[in-house]
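Input: a single structure, listed below in structure tokens.
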Number of protein chains: 2
Amino acid sequence: MKGKATSFDIAHLAGVSQSTVSRALRNSPLVKQETIDKVKRIARELNYTVDKNASSLRSQQSQTLALLLFEDPTSDDSNINPFFFSMLASITQACAHEGYDLLVSFQQLSNDFHADYEDSHKADGIILLGYGDDIEYKPKLEALQSQGTRFVRWGPQSQAGLSVSCDNRQGGAQATKHLIDKGHQRIAFVGDASNHYPEFFARYQGYVSALMAHDLPVEPALQHNAITTEEAGYEATKQLLNQGDSFTALFAASDLIAVGALKAIAEKGLKVPQDIAVVGFDDIPVASYTSPPLTTVRQNTKLAGEVLVKSLIAQIRGEEVESTTIATAIVERGSSG
Amino acid sequence: MKGKATSFDIAHLAGVSQSTVSRALRNSPLVKQETIDKVKRIARELNYTVDKNASSLRSQQSQTLALLLFEDPTSDDSNINPFFFSMLASITQACAHEGYDLLVSFQQLSNDFHADYEDSHKADGIILLGYGDDIEYKPKLEALQSQGTRFVRWGPQSQAGLSVSCDNRQGGAQATKHLIDKGHQRIAFVGDASNHYPEFFARYQGYVSALMAHDLPVEPALQHNAITTEEAGYEATKQLLNQGDSFTALFAASDLIAVGALKAIAEKGLKVPQDIAVVGFDDIPVASYTSPPLTTVRQNTKLAGEVLVKSLIAQIRGEEVESTTIATAIVERGSSG
DNA sequence: CTGAAAGCGCTTACAG
DNA sequence: CTGAAAGCGCTTACAG
């Protein structure tokens with residue numbers, strides 16, 4: 001046998017037609033068990049595997065999902081938010097579990113990021129992952145949707161299409177309430193609080209709601225914008241510390257921001273948590289290793305990956321699917337006292 | 001136009017044959033520039049994209065690589081060595097740069113890990129990434145090779161097939177020499193030093209060679225096995241500290257092991273680097289955040305990813321390819337004084 | 001339960 | 001420079 005065996009080779013050896021081989025390999029109930037067994041045995045002997053290009057072409061489905069991971073602020077590829085790696089891992093696992101292959105690609109929001117995995121029939125659907133400017137994002141999602149592309153997005157339900165996200169507002173409230181329970185009254189918020197980044201804005205809203213629920217004032221001076229990088233967190237915290245408004249706790253909209261905040265606080269000669277308590281968001285691996293270890297709001301990435309994949313597959317199958325919100329949980333470590 | 005446009009639709013609108021459309025879209029020099037322009041314009045208007053399944057089936061190549069990431073000790077998916085994420089990122093980038101798509105999958109070495117991305121023509125070649133027991137690994141690689149599967153492996157050249165790795169021996173020697181230069185004479189090694197894990201054994205050999213080059217004795221009691229996890233590093237270091245042999249420095253065969261070692265040392269009430277200096281290997285993100293920050297040997301993951309991808313593509317093209325070894329560099333931080 | 005036939009949408013000799 | 005034709009290896013109506 002030269003080259004790769006085909007279903008015709010098996011048919012020939014099994015003494016049946018090629019159509020029967022195709023059915024048998026897919027466990028069609030139309031085929032006699034005896035025939036199935038014989039066909040499969042021969043297939044194994046020939047080291048046969050179905051040609052996915054042929055079967056995908058014919059059946060018009062690839063059993064493949066594409067994960068597009070985009071990040072706009074950092075164009076440096078090595079600087080991907082570790083939170084996304086954790087999502088990537090759980091998405092990969094979930095795909096394997098559902099019998100789908102996964103295509104992975106990094107994109108920049110500024111480009112035409114949908115590539116064309118779905119148009120080209122290389123994938124049956126697309127998972128969108130990454131924090132980007134919502135305003136810039138919007139037209140692209142709408143274009144995807146109007147083209148009939150099947151996709152699911154990790155993020156708030158503010159936009160077109162199916163989405164899965166954690167309950168950012170709840171998480172923000174949990175973090176803030178945790179600090180209030182520790183006796184703090186003047187709590188700074190470092191992170192974007194605009195409609196450009198709805199997930200961070202929702203965390204801010206949670207922060208505000210917790211303050212208000214405890215009759216504490218919301219002071220605009222204690223909120224500083226920062227995109228979700230260590231550098232931005234460092235700079236914003238430095239400014240906060242230098243502007244003279246006193247505060248005894250800081251809620252960072254992401255762990256990356258929190259790590260930068262820890263650095264700025266240490267440089268200022270202040271102690272965490274004695275002088276300033278810090279809480280982050282995400283529970284990235286590094287959060288356990290900072291000094292002190294970071295109290296943070298955990299996003300359930302394992303569940304998130306599963307829900308993303310299952311929602312997308314349901315959508316591909318034409319089922320009715322709703323967007324999902326996943327609960328968050330606070331993880332208490334040393335940085336909050 | 002209902003459904004997805006095909007090359008026939010374009011042919012019709014452009015008033016040329018479908019073959020010409022196919023050539024024009026691929027910038028064939030056989031086609032007049034004017035025709036190319038017209039075809040491409042119409043394709044754009046129709047939102048046309050080539051059906052990858054059809055073109056792969058016909059041309060027998062998928063322009064796709066598969067990355068198989070396997071890890072044996074930790075079956076917990078969330079516990080993937082962060083070093084591999086960094087490799088994954090650079091491989092993903094390198095694929096995009098070379099015009100290949102990337103299929104990602106986690107595997108367990110204990111399973112039949114080659115899946116059959118290549119047999120099924122879903123990928124043109126496979127990248128193998130992960131530390132596994134070399135002895136268990138060997139027959140699988142040989143099987144892959146005898147089937148004619150095109151693959152490249154991240155790891156030492158000890159086995160069948162093409163491989164790319166960092167110079168583990170050099171790295172081990174650099175780490176050890178660094179400690180010796182700091183005045184240390186009794187240096188422990190935590191990590192496997194057997195033929196089961198050749199990369200770690202090579203690091204051990206580098207350690208031994210550096211000691212010998214400085215006329216220092218190699219004491220077997222100062223080497224303890226540990227697989228590359230934080231727990232294993234913690235346990236091995238605890239044993240080392242409790243067995244009574246004194247040492248003033250510790251070289252961990254990986255950063256994960258080093259992180260566990262830091263914990264064991266702290267628990268014993270000893271200070272790093274004053275009482276015991278520590279050096280790791282990999283430069284994972286966490287290494288910058290431990291207390292004190294970890295001195296380590298950096299593997300150039302950016303270059304490694306590029307070389308892996310380029311070597312595999314060259315092999316797919318039928319070119320003659322050699323295995324590659326990449327230089328390491330020491331990154332000095334607080335843990336070594 | 002099985003077979004003969006059509007066709008998925010391309011690429012690529014072959015012919016001009 | 002272009003076209004008509006074959007064929008990649010499957011799945012799936014259609015017919016029996």
Side-chain angles (χ1 to χ4, degrees), chain A residues 1-40 42-43 46-64 116-124, chain B residues 1-40 42-43 46-64 116-124:
Chain A
M1 190 80 46
K2 297 184 53 117
K4 198 176 163 297
T6 71
S7 52
F8 283 94
D9 298 323
I10 299 176
H12 184 74
L13 289 168
V16 296
S17 74
Q18 181 268 340
S19 348
T20 298
V21 170
S22 176
R23 292 195 192 93
L25 291 172
R26 297 152 49 75
N27 293 310
S28 164
L30 292 173
V31 182
K32 207 170 23 172
Q33 189 58 47
E34 193 186 315
T35 312
I36 292 186
D37 294 341
K38 194 208 286 180
V39 164
K40 289 199 168 177
I42 295 172
L46 294 186
N47 244 306
Y48 172 82
T49 45
V50 172
D51 185 302
K52 289 284 176 49
N53 293 131
S55 79
S56 296
L57 173 60
R58 179 55 233 248
S59 64
Q60 297 289 29
Q61 53 168 317
S62 59
Q63 288 288 109
T64 303
D116 41 29
Y117 291 107
E118 211 234 6
D119 294 348
S120 68
H121 289 259
K122 220 168 161 167
D124 298 331
Chain B
M1 189 82 46
K2 301 184 48 120
K4 198 177 163 300
T6 71
S7 52
F8 283 93
D9 298 323
I10 299 177
H12 185 72
L13 288 169
V16 296
S17 73
Q18 182 269 340
S19 350
T20 298
V21 170
S22 176
R23 291 195 192 94
L25 291 171
R26 298 152 47 75
N27 293 312
S28 163
L30 291 173
V31 182
K32 205 169 26 171
Q33 189 59 46
E34 192 187 316
T35 313
I36 293 186
D37 294 340
K38 193 207 289 179
V39 164
K40 288 199 170 176
I42 296 173
L46 294 185
N47 242 308
Y48 172 83
T49 46
V50 172
D51 186 303
K52 289 285 176 48
N53 293 131
S55 79
S56 296
L57 173 60
R58 179 54 233 251
S59 64
Q60 298 288 29
Q61 51 169 322
S62 59
Q63 287 290 106
T64 303
D116 41 31
Y117 292 105
E118 211 236 5
D119 294 349
S120 68
H121 288 236
K122 219 168 162 168
D124 298 331

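In what follows, chains carry the letters A, B, and so on, assigned in the order in which the sequence lines appear, proteins first and then strands, with residues in each chain numbered from 1. Note that the structure is a prediction, hence the values are computed from the model and not measured.
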Inset, instruction - Measure the OG-CG distance between Ser55(B) and Leu25(B) for me, rounded to the nearest 0.5 Å. - result: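 If I round to the nearest 0.5 Å, the distance is 11.0 Å.
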Legend entry - Ser7(B) side chain near dC10(C) phosphate (N/O to OP1/OP2, under 4.0 Å):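 Yes, Ser7(B) has a side-chain N/O under 4.0 Å of OP1/OP2 on dC10(C).
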Legend entry - Phosphate-side-chain proximity, Ser22(A) and dT11(D), N/O vs OP1/OP2 below 4.0 Å: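 Answer is yes, contact under 4.0 Å.
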Inset, instruction - May I ask you to say what Ser19(B) touches in the nucleic acid, namely base, sugar-phosphate or nothing, with a heavy-atom cut-off under 4.0 Å? - result: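 Ser19(B): base contact, heavy atoms under 4.0 Å.
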Inset, instruction - Have a look at Ser55(A) and say if it touches a base, only the backbone sugar-phosphate, or nothing, with a 4.0 Å heavy-atom cut-off. - result: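 Sugar-phosphate contact only.
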Separation of atom [atom1] in [X] from atom [atom2] in [N], rounded to whole Å:
X         : N       : atom1 : atom2 : answer
Asn53(A)  : dC8(D)  : CG    : C1'   : 9 Å
Arg26(B)  : dC10(C) : CZ    : C1'   : 9 Å
Gln60(B)  : dA6(D)  : CD    : C1'   : 15 Å
Tyr48(B)  : dG9(C)  : OH    : C1'   : 7 Å
Gln18(A)  : dC1(C)  : CD    : P     : 20 Å
Asp37(A)  : dC1(C)  : CG    : P     : 13 Å
Gln63(A)  : dT11(D) : CD    : P     : 12 Å
Asp119(A) : dG9(C)  : CG    : C1'   : 15 Å

Can you check whether [X] reaches [Y] side chain to side chain, under 4.5 Å on heavy atoms?
X        : Y        : result
Gln60(A) : Ser56(A) : no
His12(A) : Ile42(A) : no
Leu46(A) : Ile10(A) : yes
Ser28(A) : Arg26(A) : no

Legend entry - Given DNA chain D, 5'-ward residue of the pair Ser56(A) and Gly15(B), judged by closest heavy atom: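 The residue closer to the strand's 5' end, by nearest nucleotide, is Gly15(B).
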Legend entry - Close approaches to DNA chain D from residues 28-36 of chain B, in residue order (heavy atom, under 4.0 Å):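 Under 4.0 Å from DNA chain D: Leu30(B), Val31(B), Lys32(B), Thr35(B).
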Legend entry - Considering all heavy atoms, the nearest Arg23(B)-Val31(B) contact: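 In this case the closest contact between Arg23(B) and Val31(B) is CB-CG2, 3.5 Å.
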Legend entry - Contact summary for Lys122(A) and Ser62(A), nearest pair of heavy atoms: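 So the minimum-distance heavy-atom pair works out to O-OG, 3.3 Å.
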Inset, instruction - Spell out yes or no: do the side chain of Arg58(B) and the base of dG9(D) have one donor N/O and one acceptor N/O closer than 3.5 Å? - result: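 Looking at the base of dG9(D), it does not pair with any donor or acceptor on the side chain of Arg58(B) (distance under 3.5 Å).
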If you check the [X] side chain, which of [options] turns out closest?
X        : options                  : value
Thr20(A) : dG3(C), dG9(D), dG9(C)   : dG3(C)
Phe8(B)  : dG3(D), dT12(D), dC10(C) : dC10(C)
Leu57(B) : dG9(D), dT12(C), dT11(D) : dG9(D)

Inset, instruction - In sequence, state the C-alpha distance, the side-chain angles, and the governing distance for Thr20(B) and Ser17(B), and then conclude on side chain to side chain donor-acceptor pair (under 3.5 Å). - result: CA-CA 5 Å; Thr20(B) 298; Ser17(B) 73; 3.1 Å; yes
Inset, instruction - Under a 3.5 Å limit for both distances, which nucleotide forms a Watson-Crick or G-U wobble pair with dA15(C), could you say? - result: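 Its partner is dT2(D).
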